[in-house]
Structure formats: structure tokens, C-alpha cells
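Taking it in order: structure first as C-alpha cells, then the write-up.
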Amino acid sequence: MEFDAIVIGAGFAGLYQLHALRDRLGLRVRVLERGGDLGGTWYWNRYPGARCDSESHAYRFMFSRELFEEWESSERYPAPAEIRAYLDFVARKFDLRRDIQFGTHVAAARYDEGANRWRVETEAGERFSAVWLITAVGCLSAANVPDTPGLADFKGRWYHTGKWPHHGVDFHGRRVGQIGTGSTGIQAAPVIAETALHLTVFQRTANYSVPACNRPLTPELRQWVKSSFEEIRATARSTINGHAFRISERNALEASPEERQAVYERAWAAGGLQFRATFRDLLTSRAANDTAAEFVKARIRAIVKDPVTADSLADIDHPYAAKRPPIDTNYFETFNRPNVSLVNLRKDPIERITPAGIRTQGSAGVREHPLDIIVFATGFDALTGPLLAIDILGRGGRSLREDWKAGPQTYLGLQMAGYPNLFTITGPGSPSVLTNMPVAIEQHVEWITDCIALLRKHGVHTIEPAEEAVTAWGEHVQECARATLLWDAKHSWYFGANVVGKPRVFMPYAGGLARYARHCANIAARGYEGFIMDRRRAAEAATPVAQAGV
Ligand code: NA7
């Protein structure tokens with residue numbers, strides 16, 4: 001089947017890209033989606049306690065005032081079912097479903113140079129082709145199940161949080177082991193503990209967390225959201241991370257210890273990712289960061305009654321927010337329940353999974369943890385995983401899997417050299433996971449759509465970045481990360497450290513979303529600087545593309 005554009009994925013990115021290309025540019029578009037329905041990450045992540053960490057008034061599209069004002073969220077942080085309902089509302093409003101094919105797993109995409117078309121093949125053997133190929137595959141969609149010896153022999157059931165069964169899992173009367181204490185594990189543990197007979201949390205790296213303070217939205221707050229479109233959008237588009245709250249202008253060490261304590265206490269009581277915004281230098285000054293880190297560690301010690309458990313939970317080895325900072329509902333309190341225990345894997349690593357549970361061996365000797373269910377809250381092969389899951393072949397048959405062996409190489413996280421007309425929404429090298437995703441997605445979709453519109457207008461055949469532009473951007477991405485404390489948490493998934501054998505390269509762009517968006521806009525305004533456009537057809541066009549970036 002032939003189209004102008006193929007979009008892979010039907011989450012936020014795929015839906016908006018379809019709408020933009022089809023309804024603004026008039027292209028024939030097909031969206032191919034692996035899941036059985038809309039939602040992307042929210043189609044798959046249905047684990048207990050799952051909830052978005054972005055606030056509901058900002059975790060939505062802002063490209064249409066009408067759309068923004070028509071939707072009402074029920075809580076401060078939306079749960080997956082509400083996000084799926086929202087995306088369904090968007091799809092109905094713009095009549096998007098008719099161009100989406102669900103249950104369609106893209107296996108391969110090959111650039112056919114002679115025809116200047118991308119040839120896409122699904123696992124079921126269906127074939128499609130299009131001039132433009134846009135990946136909207138998400139950053140956190142390739143589940144990472146660690147290769148733990150013995151898993152195949154486990155007699156109980158096991159689940160990864162990112163592939164949770166739609167019918168749910170009944171924990172009543174079950175002994176549950178949860179591996180992983182990232183944002184997901186921190187959300188899941190309190191809810192699993194409510195019904196499990198016993199929950200054992202296996203912690204490799206202790207983590208900071210701040211209360212989410214989720215609550216239903218009052219009628220007044222809903223009204224405020226409806227009437228604050230301009231303000232919310234302007235804030236989200238002008239901040240470092242795309243959230244609709246401002247980051248303090250003040251440095252932490254400019255405040256007295258008492259003032260700082262008061263600031264942190266207020267932020268703790270208010271809850272949410274705003275804790276990271278209490279002082280402007282928390283991610284650039286270790287001394288500033290230490291003040292926030294110590295505050296959270298003191299809170300953990302104050303909440304958790306058992307001193308050994310408290311020590312393990314507060315023994316955090318990285319700066320606050322240098323790994324993605326979770327927010328929680330009663331996470332640390334959960335360890336005061338009689339049916340919850342913590343295993344510190346730094347002291348007692350997993351030796352193997354046995355038919356009856358998990359065996360650790362370390363400071364406590366050999367210990368068997370009998371389990372009926374194992375929950376892997378072990379995260380994702382982030383950013384590159386979903387792209388490399390597709391066998392992508394570019395110009396001359398070059399393979400993305402080969403090209404990225406030493407880490408992802410992109411220009412702006414939007415395109416790769418040698419892969420003409422392929423765009424990667426929130427790809428590695430863009431702010432992506434360091435932001436409130438819908439805001440980053442909108443910026444990419446609009447940039448890609450404007451680019452395609454311009455190329456079509458001028459009859460330009462192909463666009464792809466120059467190798468030098470890719471190299472320079474890659475260096476810039478590393479430099480931006482080096483300027484922050486994110487660089488100090490070498491074991492974070494931002495570096496790919498959670499997946500065995502993955503190259504250790506800092507993947508997202510840490511220079512801030514607003515700055516990045518300006519940079520992308522300037523590049524386009526300067527005639528797509530750094531990109532190579534095939535002028536064969538441009539030369540014939542009445543108005544050639546000005547200074548087409550070569
Ligand atoms: P994360 O943040 O990658 O967390 C995964 C957790 O699983 C983390 O605590 C890991 O420890 C742990 N983990 C991973 N592999 C293992 C093995 N082999 N043994 C023990 N423990 C392991 O994923 P999440 O799903 O929580 O969150 C992902 C993002 O989703 C989040 O940042 C938000 O953006 C939304 P580690 O820290 O690597 O030592």
C-alpha cells in the first residue's frame with residue numbers, strides 16, 4: 001500500500017503527527033501501531049499505581065485552544081485510563097482512527113533510493129511504502145527484563161510493569177517480589193502491598209522520592225485550567241523541562257539554612273516534580289544539590305521506622321534528580337507495613353531465580369525469598385531501544401543497528417545521516433525524557449510538518465543531515481550533559497547503563513527544551529542549516545529553497 005507518509009506509533013506523537021500531516025498538509029498518511037488501541041506508553045503501562053508524573057493540566061496537547069478547553073481532567077496527575085480516554089477524545093475530535101492500523105508491528109523499514117520511498121514491512125508480512133517515514137515509537141516502550149539466571153524455571157508468574165496484563169493481576173494471598181525502585185517501582189509498591197500477603201522489594205539503587213500529593217481537581221481548579229490556556233502554554237513552552245511551573249531564579253546557597261529548610265518543607269508539602277524547581281542551581285551545583293539531597297534523606301529516615309531499612313533506603317549514591325526523580329504516594333510509609341520488607345541488593349545481590357522464588361547471596365549469607373509472583377519494575381531500553389527494535393536500513397543498505405553500535409548519532413534528535421526523509425519524534429539527542437513529553441512532542445511534530453510542507457512546496461526530493469552536523473550535535477549533547485549533575489549519575493538509564501551491553505552515551509539533550517526549540521527554529525529559518533537537501537527537483541522549482549543548508 002502506498003502513502004505519502006507512514007507514522008509508526010499511535011501515542012501522543014503519532015496522533016498529532018497524523019493530524020498535522022493529513023489535515024494541514026493534505027497528505028495520505030497511515031499510522032501503524034503495535035498495540036490494540038491508542039495510547040502508546042499508556043496502552044502498555046497498566047501496572048498497579050501507574051500514574052503520570054506530569055500534572056494533568058500540562059500533560060495534554062496545547063496546539064488547539066478549543067481542544068485544550070474541551071477536556072476536563074479529574075485528578076492532579078492523570079492515571080493511564082484517563083490518558084487513554086483523553087487520547088480517544090482527541091482521535092474522535094479529529095477523526096483520526098480511520099487512518100490508524102492497530103495490532104501492526106513494524107519489523108523493518110528500508111530506504112529504496114531509486115524510488116525515493118521508504119519500504120516498511122510488518123511482522124505479519126504486510127508491506128507499505130511512503131516518501132516520509134516518521135517514528136513516533138516513544139522513548140520508554142521497549143521493556144527491559146534483566147537476563148536473570150533461573151527465570152525460565154520459576155514456577156510462579158512474572159510480569160514486567162511495562163507490559164502489564166489488561167485484566168490486571170490479583171495479589172491477594174500472594175507473596176510478591178518486586179525488582180526495581182525507579183519511578184515505576186515507587187508507584188507500584190504501595191498499591192501491591194495493600195493486597196499482597198507479603199511484598200519483598202529488591203532494591204539495587206536507593207532512590208529519592210517526593211510526595212506526589214495527588215488529589216481530585218476541585219471545580220475551582222478545573223475552571224482555572226479552562227481559563228488559563230495562554231498562561232499554561234506560555235509557561236510550558238518557555239521552561240527548561242516543558243512543565244507548567246517556573247523554576248526559581250534563586251541559588252540554593254544564597255538562602256540561609258533556615259530559609260532553605262522552609263522552602264524544601266513547603267515544596268515537600270505541596271508535592272510533585274516542582275521540588276526540583278525550588279532553586280535554580282540544584283542540577284548544576286553539587287553543594288546546592290547536597291542541601292536538597294540531605295533534606296530528602298532526612299525525610300526518609302523520619303518516615304521509615306526500622307533503622308536498617310531506613311539506612312538502605314536513604315543510602316543514595318547520586319545527586320538529587322541526577323536520575324529521573326520519582327514522586328510517590330506513601331512509598332516510604334509502605335516499609336512500615338508488617339507485610340513489606342526490603343532487600344538491599346548492593347549488600348545481598350540476586351544469585352539466581354529458583355523455581356520457588358529469588359535467592360540472594362551476600363552479607364546475610366544465602367537467603368531464599370519464596371515468591372508466588374515476581375514483578376519486574378526494571379525499566380526500559382530507553383530512547384534507542386524502540387528504534388533499534390525495527391531493522392532500519394538507509395541509503396546504500398546502511399543499517400541503523402550498525403551505525404549506532406557505539407551509541408545514537410542524530411542531528412537534533414530529529415534525523416540521521418544516510419536515512420533521508422526519516423524523522424524521529426523525540427529521538428535521542430533531543431530533550432525528550434527530560435521534559436513533559438507532550439510539549440516536546442508538539443515542538444517536534446510542528447517542526448517536522450513545517451519542514452515537509454516547505455520541501456513539498458519547493459519540490460525538494462530528500463532531506464537528511466550532513467555527517468559533520470551529526471558529529472557536532474553529538475558533541476554538543478554530551479557537553480550540555482557535562483554542564484549538569486546528570487553527568488555524575490553514570491549508572492542512569494540516560495546513559496543506557498541499565499541495559500547490559502548498551503553503549504554508555506548520554507542520550508537526551510540536557511540544554512533545556514525552550515533553548516532547544518529556539519535552536520531548531522533558527523536552523524529552519526536559516527534554510528535548514530546542517531541538512532542536505534537534494535536539489536535535483538529544487539533546481540527545477542520556481543522558487544529554490546533558500547540556502548538549503550549545504
Ligand atoms: P527505571 O527508572 O529504569 O527503574 C528501573 C529500576 O529497576 C531501577 O531501580 C533499577 O536499578 C532496577 N533494575 C534494573 N535492572 C535491574 C536488575 N538487573 N537487578 C535489580 N534491579 C534492577 O524504570 P522505571 O520504569 O521505574 O521508570 C522509567 C521512566 O518511566 C521514568 O523515569 C519516568 O520517566 C517514567 P538501578 O537504578 O539501575 O540500579
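Whatever order the structure lists ligands and atoms in, that order sets their numbers, starting from 1. Residue numbers count from 1 along this sequence.
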Over 12 non-hydrogen atoms of neighbours within 6.0 angstrom of CG in Asp147: no
Atom 36 (P) of ligand 1: closest protein heavy atom, distance to 0.1 Å, is Thr205 OG1, 3.4 Å
Within reach of ligand 1, part of Leu345 (heavy-atom separation under 4.0 Å): side chain
Looking only at distances, can you tell me whether any N or O atom of Gly180, backbone or side chain, sits closer than 3.5 Å to an N or O atom of ligand 1? no
Note the single closest protein heavy atom to atom 19 (N) of ligand 1, along with its residue, its atom name and the distance in Å. Arg204 NH1, 3.8 Å
Under 30°, 30 to 60°, or over 60°: which ring-plane class applies to Tyr43 and His166, parallel, tilted or perpendicular? perpendicular
Would you call the rings of Phe295 and Tyr264 parallel, tilted or perpendicular, taking 30° and 60° as the class edges? tilted
Of the protein's non-hydrogen atoms, which lies at the shortest distance from atom 2 (O) of ligand 1, and what is that distance? Trp493 NE1, 3.2 Å
Against heavy atoms of Pro146, which atoms of ligand 1 measure under 4.0 Å? 17 (C), 18 (N)
Do Arg60's NZ or CZ and the ring of Phe68 fall within the cation-pi criteria of under 6.0 Å and 45°? yes
Nearest non-hydrogen protein atom, atom 4 (O) of ligand 1: Gly182 CA, 3.5 Å
protein heavy-atom neighbour closest to atom 34 (O) of ligand 1 works out as Arg324 NE, 3.3 Å
Shortest reach to atom 28 (C) of ligand 1 by a heavy atom, considering only Phe380, Phe376, Tyr47: Phe380
Suppose we measure from atom 29 (C) of ligand 1 to each protein heavy atom; which comes out shortest, and what is that distance? Leu140 CD1, 3.6 Å
Would you mind listing which atoms of ligand 1 come within a distance below 4.0 Å of any non-hydrogen atom of Lys323? 36 (P), 37 (O)
Mind checking whether Phe245 and His243 have parallel, tilted or perpendicular rings, split at 30° and 60°? parallel
Quick one: does ligand 1 sit under 4.0 Å from the side chain of Phe202, the backbone, both or neither, non-hydrogen atoms only? neither
How does Ser183 reach ligand 1, if at all, at less than 4.0 Å between non-hydrogen atoms: by side chain, backbone, both, or neither? both
Would you confirm whether His318, through its side chain, and Asn207, through its main-chain N or O, come within 3.5 Å as a donor-acceptor pair? no
Using the side-chain contact (heavy atoms from CB on, under 4.5 Å) criterion, which residues pair with Asp403? Sequence neighbours excluded. Arg398, Tyr419
His491 to ligand 1: N or O pair under 3.5 Å? no
Does any N or O of ligand 1 fall below 3.5 Å from an N or O anywhere on Asn144, backbone included? no
Would you say Arg367 has more than 12 foreign heavy atoms packed within less than 6.0 Å of its CZ? no
Output yes when the distance from some N or O of ligand 1 to some N or O of Thr181 is under 3.5 Å, and no in every other case. yes
Could you tell me the residue and atom name of the protein heavy atom closest to atom 5 (C) of ligand 1, and the distance to it rounded to 0.1 Å? Ala377 O, 3.3 Å
Starting from atom 26 (O) of ligand 1, what is the nearest protein heavy atom, named by residue and atom, and what distance separates them? Thr184 N, 2.8 Å
Relative to the ring of Trp71, is the ring of Phe89 parallel (under 30°), tilted (30 to 60°) or perpendicular (over 60°)? tilted
Thr384 backbone acceptor or donor facing Trp404 side chain under 3.5 Å: no
Contacts satisfying side chain to side chain donor-acceptor pair (under 3.5 Å) that involve residues 485-500 (not counting sequence neighbours) are Asp317-His491
